[in-house]
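The structure under discussion appears below in the form of structure tokens.
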Amino acid sequence: SGAGHVACARLLEAGADVTHADANVLVVGNTALMRASSGGHAGCVRLLLAAWADVNYARADGYTALMAATDRGHVDCGRLMLEA
């Protein structure tokens with residue numbers, strides 16, 4: 001969404017750590033790139049990649065942002081990561 005893209009940009013401008021992986025009890029290790037790609041937020045994915053988010057980062061179970069995008073059919077997000 002447009003609002004999500006703006007929020008993502010503001011967080012990055014404020015110095016958000018693009019390498020941070022959350023400690024959610026249910027799914028440990030998701031990064032902002034994983035969340036953006038799983039939600040199909042291509043604009044945010046583009047911003048995160050430009051800010052050097054690690055496209056190759058994998059959770060302990062091997063799951064990556066590219067998998068998150070393709071599992072949900074977000075080809076545009078997957079393509080951005082493959083081209084990064």
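Only heavy atoms go into these numbers, but all of them, side chains included; no hydrogens, no water, no symmetry mates.
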key: Heavy-atom side-chain proximity of Leu33 to Leu49 below 4.5 angstrom   = yes
message = Taking the side chain as everything from C-beta on, heavy atoms only, tell me whether Leu82 gets closer than 4.5 Å to Arg79.
response = no
message = To the closest 0.5 Å, what do you measure between CG (Asp54) and CG (Leu48)?
response =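 Those atoms lie 12.0 Å apart.
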message = Nearest 0.5 Å, please: how far is CE in Met34 from CE in Met67?
response = 8.5 Å
query = What's the shortest heavy-atom distance between Ala69 and Cys77, and which atoms?
reply =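 Minimum heavy-atom contact is CB-CB, 4.0 Å.
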ask   = Met81 and Ser37: which non-hydrogen atoms are nearest, and at how many Å?
value =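 Shortest heavy-atom contact: CE-CB, 3.6 Å.
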